[in-house]
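Every chain is numbered from 1 and lettered A, B, ... according to where its sequence line falls, protein lines coming before strand lines.
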Number of protein chains: 4
Amino acid sequence: MSSTKERIFKAALETFSKRGFYKATMDEIAEAAGVAKGTLYYHFKSKDDILDFLIDEGIKRLKQQAIEEISKVNGAIEKLKRIVFVQTNFLYKNHDFIIVLLSQIWGHGDVPRRFREKLSTYLEIIEKVVKEGKEQKLLADCNEKLVAAAFFGMTTSILALKVIREEETVDTQEITDTVFNFALNGLKFYH
Amino acid sequence: MSSTKERIFKAALETFSKRGFYKATMDEIAEAAGVAKGTLYYHFKSKDDILDFLIDEGIKRLKQQAIEEISKVNGAIEKLKRIVFVQTNFLYKNHDFIIVLLSQIWGHGDVPRRFREKLSTYLEIIEKVVKEGKEQKLLADCNEKLVAAAFFGMTTSILALKVIREEETVDTQEITDTVFNFALNGLKFYH
Amino acid sequence: MSSTKERIFKAALETFSKRGFYKATMDEIAEAAGVAKGTLYYHFKSKDDILDFLIDEGIKRLKQQAIEEISKVNGAIEKLKRIVFVQTNFLYKNHDFIIVLLSQIWGHGDVPRRFREKLSTYLEIIEKVVKEGKEQKLLADCNEKLVAAAFFGMTTSILALKVIREEETVDTQEITDTVFNFALNGLKFYH
Amino acid sequence: MSSTKERIFKAALETFSKRGFYKATMDEIAEAAGVAKGTLYYHFKSKDDILDFLIDEGIKRLKQQAIEEISKVNGAIEKLKRIVFVQTNFLYKNHDFIIVLLSQIWGHGDVPRRFREKLSTYLEIIEKVVKEGKEQKLLADCNEKLVAAAFFGMTTSILALKVIREEETVDTQEITDTVFNFALNGLKFYH
DNA sequence: GATGAATGAGCATTCATTCAT
DNA sequence: AATGAATGAATGCTCATTCAT
C-alpha cells in the first residue's frame, strides 16, 4: 500500500468512525488525509469502495491474529481463551474499525449482507474451535453457529459500550477474563 | 397516537429497516405510509425526529414487556429466564426495530450516544435482576453492567443474524433455551 | 371590518414588519392573531391578498389624513408643512406599515408596480400642492413629480432609519421642522 | 474574483433585481450565469451569501467612486455636487444593485440591519462633507446624519422610480441638477 | 364563522463523482 | 500521481392552500 493510500485508509477509518459512514464526506476524508479530493479517486473507485477496503482489511487482520494466536496452544478451551483475548485486544486497538463494522452489518441491503459474509469467515474460526471442544468432550453440546455469534456479540457489546464511552482506560485483561469465565462457567453460583 | 401518525410510524420502521436510515428517503416513507410527504412533516419535525421516536417507542415497549414479565415470577434465575424470553420474542416480532437500533447505536455522534443512553435504561432492568441474583447467592459474582451488555449483545447478535438471513422460521424457544443455558451454565462440559 | 379580520390585519402587519413578507408564514400570522390558520383563508383569499389589503389600507389612511390636514389651512407653503407633519407622524405611528411598504415597492414585478401605482395617488396630493405653490409664486420652478418623490424618499429614509434603529423616542416635531426647513430653504448658508 | 464567480455575481444581481431576492431561484441564477447549480455553491456558501456579497461589492464600489470624485475638487458645496452626481450616475448604471439594496435594507431582521450598517459607511462620507460645509460656513446649521439620509433617500427615490418605470432614457444630469438645486436652495421662491 | 389535518409543488442545499491540467 | 473546479442528480424540508367537519 503506497504511503498516500495508507494515509487515506487511516483518515477514512477515523472519519467514518467519528461521523458515521453516511455523514462522513469525501471532503472530510481528504482533509483528514491531507490530500486533495481528487486523490481519493486515484486510489479508490468510490466511497463505497473505501468502506469495502476498510472492512476487508479489518477482518483480514483480525482473522490473521486469531489464527496465529490459537496455533500457539493446544486444547479447545485454551484456544477459546486466546480467541477471546485476541478479539478483545484487537477491537480495543481498532475501535474505529469495530464501530464502522457494527454500524454496517445489520440490514437487508447487499452491502450489509456482503459484510456479514466476510465476518462469517471469522466466526467460522470460532465455530471450528467450539466443534473441536465438543468432540474432545471439553465443551458441552451446543449449536456452534449460535455460540460463535453469541461470542462475537457479547464481546463487541461489552467492548464497544466501554470504548465508545471513552471511559477510563479499559482493562482488556479484565474483560477477557470476565467474558471467558462467563462463557465457560456461566453465571450460576455453585455452593 | 393518531391513526395517521401510527401509519407513518410503521412505514418508517419498515423502510428504515429495509433500506437503512440514510438510504431511506422521505418519499419512500410517505409512499409506504400512503400519505403525502408533507404529512410526514405535519407529524414529525424531521427525518431524525422520526428515528428518535422509533427508538423511543421501541425501547419503551421492550421495557414494559420485560417489567411485566419479570413481575410474574420470583427468584432471580427465573426472572432472568423471562428476560431472555421477552427479549428474544420482542426482537423477533420487531426485527425491523432491532435492525434499526443496532445500526444506530454505535459511533461517537450525539445521536448514537443518545440512543445508547435510552438503551441503558433497559439494560438497567437486567442489571437489577443480576444484582438481586448475586445477593441471593443464586448467581456468581460478576460485574452486572458487563453481564447486562453481554446478555443484550448475545441475544441480538444471534437473532439479528438469523432474522436478517430470513432463514427458516426462527424457533424463539430454542434460542431462549440456548442463550439462557449458555448464560447460566457456560460452555464447559461436566463429566 | 369584523373583529377577527381586524385582528388578522394587525397581526399580519406586525409579522410582515418583523419578519419580512417572505419569511413571515401564515402559521406565524395565525398565531399572532390568535386564530387557526384556516381562518386566515376565510377572511383573505391568499397571503398576497393580505399584503394587498395592508398596503391599500395604509395608503388610504395616509391619504385621508393628508387631505384632511391640508384642508385646514390655506397657502401652499402652509399646506406643505402640514403634509410633512402628517407624513412624519403617520409613518412614525405606523412604522410597521412603512417598513412593509418600502420593502415591496421596488422591483420589476407586477406586485411592486401595483403598489407604486397606489403610492402615486398619495404623491399626487403633494404634486398638486407644489403645483399650486408654483402658480402662486410661493415655490420656485421645479418638476413637481420629482419633488414629490424626493419629499417622500427624504422623509421615509430619515424616519425609517431612526424608527427601525429603535432609537431614542423620535421627536416627530423636530423631524418635521428639519425636513420642512431643508425642503424650503435648502442647505445653503446665508450670510 | 475568478471569471466564474464574476459571472455568477452578475447573473445573481440581474436575477435578484428582476425577480426579487425571494422569488429568484438558484436554478434561475445558475442558468443566467451559464453554470450548473452546484457551481453556485462552490463559489458561495448559500443564496444569502450571494446577496451579502452583492451588497458588499455594490457599496464598496459606490464608496470608491464617491471618494475618488470628491477628492478631485475643493469646497464642501462642490464636493456635495459631485456626490449627488456620482450617486445618480452609479445608481443609474447599477440600477439592479439599487433595486436589490432598497428591497433589503428595511425591516427588523439581522440581515437588513447588517445591510444598513454597511450603507452607513457610505452615508458617513456625505456626513463628513456636510460637516465640513457647516464649519466653513458654506452650509446652514443642520443635523448631518439626517441630511445624509435625506440625500440618499431623495436620490434613490427619484431614480428608482424612474429607472424601474423604464421610462424615457433618464437624463442623469437633469436629476443631478434638480436634486442638488433642491438640496441647496430649497423650494422657496425668491422674489 | 372557524378549524386544523393533509397536501404537494417548489426550492435550497449536499455531495459523490468527473476530468482537464 | 495529484489536483480542485465544476457538475447535476438526489433529497430533506417549507409552506401556501384546500377542505371536510
Exercise. Is the closest side-chain heavy-atom distance between Ser17(D) and His108(C) below 4.5 Å?
Worked result: yes
For this session: Evaluate the side-chain proximity of Ile59(B) to Phe115(B): yes if any heavy-atom separation is below 4.5 Å, no if none is.
Result: no
So which nucleotide from [options] ends up closest to the side chain of [X]?
X	options	answer
Lys37(B)	dA6(E), dA2(F), dC13(F)	dC13(F)
Ser46(A)	dA6(E), dT17(E), dA2(E)	dT17(E)
Ala36(C)	dT3(F), dC13(F), dG4(E)	dG4(E)
Thr25(C)	dA2(E), dA6(F), dC15(F)	dC15(F)

Exercise. Expressed as a whole number of Å, how far does the C1' atom of dG1(E) sit from that of dT21(F)?
Worked result: 13 Å
Assign [X] to base, sugar-phosphate, or nothing according to its heavy-atom contacts below 4.0 angstrom with the strands shown.
X	answer
Ser2(C)	nothing
Thr39(D)	base
Ala33(A)	nothing
Ala24(B)	sugar-phosphate
Lys47(A)	sugar-phosphate

Between atom [atom1] in [X] and atom [atom2] in [N], what is the gap in whole Å?
X	N	atom1	atom2	result
Asp48(D)	dT13(E)	CG	P	7 Å
Ile29(B)	dC13(F)	CD1	C1'	13 Å
Phe21(C)	dA16(F)	CZ	C1'	10 Å
Leu51(D)	dA12(E)	CG	C1'	15 Å
Glu6(A)	dA1(F)	CD	C1'	17 Å
Phe44(C)	dT17(F)	CZ	P	13 Å
Lys23(B)	dA16(E)	NZ	P	13 Å
Met26(D)	dG8(F)	CE	C1'	14 Å

Exercise. Is the side chain of Thr39(C) donor-acceptor paired with the backbone N or O of Val35(C) at a distance under 3.5 Å, no angle test?
Worked result: no
Problem set entry | Test item: Arg114(C) side-chain N/O and Asp52(C) main-chain N/O as donor-acceptor pair under 3.5 Å | no
Seminar exercise, completed: Nearest-nucleotide check on DNA chain F, Arg19(B) vs Asp27(C); residue mapping nearer the 5' end is Arg19(B)
Seminar exercise, completed: Taking for Gly38(B) and for Leu40(D) the nucleotide of DNA chain F with the nearest heavy atom, the one nearer the 5' end belongs to Leu40(D)
For this session: Give a yes or no on whether a salt bridge exists between Lys10(D) and Glu14(D), defined as a side-chain N under 4.0 angstrom from a carboxylate O.
Result: no
Exercise. With both distances kept under 3.5 Å, what pairs with dC11(E), Watson-Crick or G-U wobble?
Worked result: dG12(F)
For this session: Hunt down the Watson-Crick or G-U wobble partner of dT18(F), both distances under 3.5 Å, from any strand shown, or write none.
Result: dA5(E)
Problem set entry | Along DNA chain E (nearest heavy atom to each residue), the more 5'-positioned of His43(B) and His43(C) | His43(C)
Problem set entry | From CA spacing to verdict: salt bridge (Lys or Arg N to Asp or Glu O under 4.0 Å), Asp96(B), Lys18(B) | CA-CA 8 Å; Asp96(B) 283 338; Lys18(B) 268 204 195 114; over 6 Å; no
For this session: Determine: side-chain N/O of Tyr41(C) to OP1/OP2 of dT17(F), distance under 4.0 Å, yes or no.
Result: yes
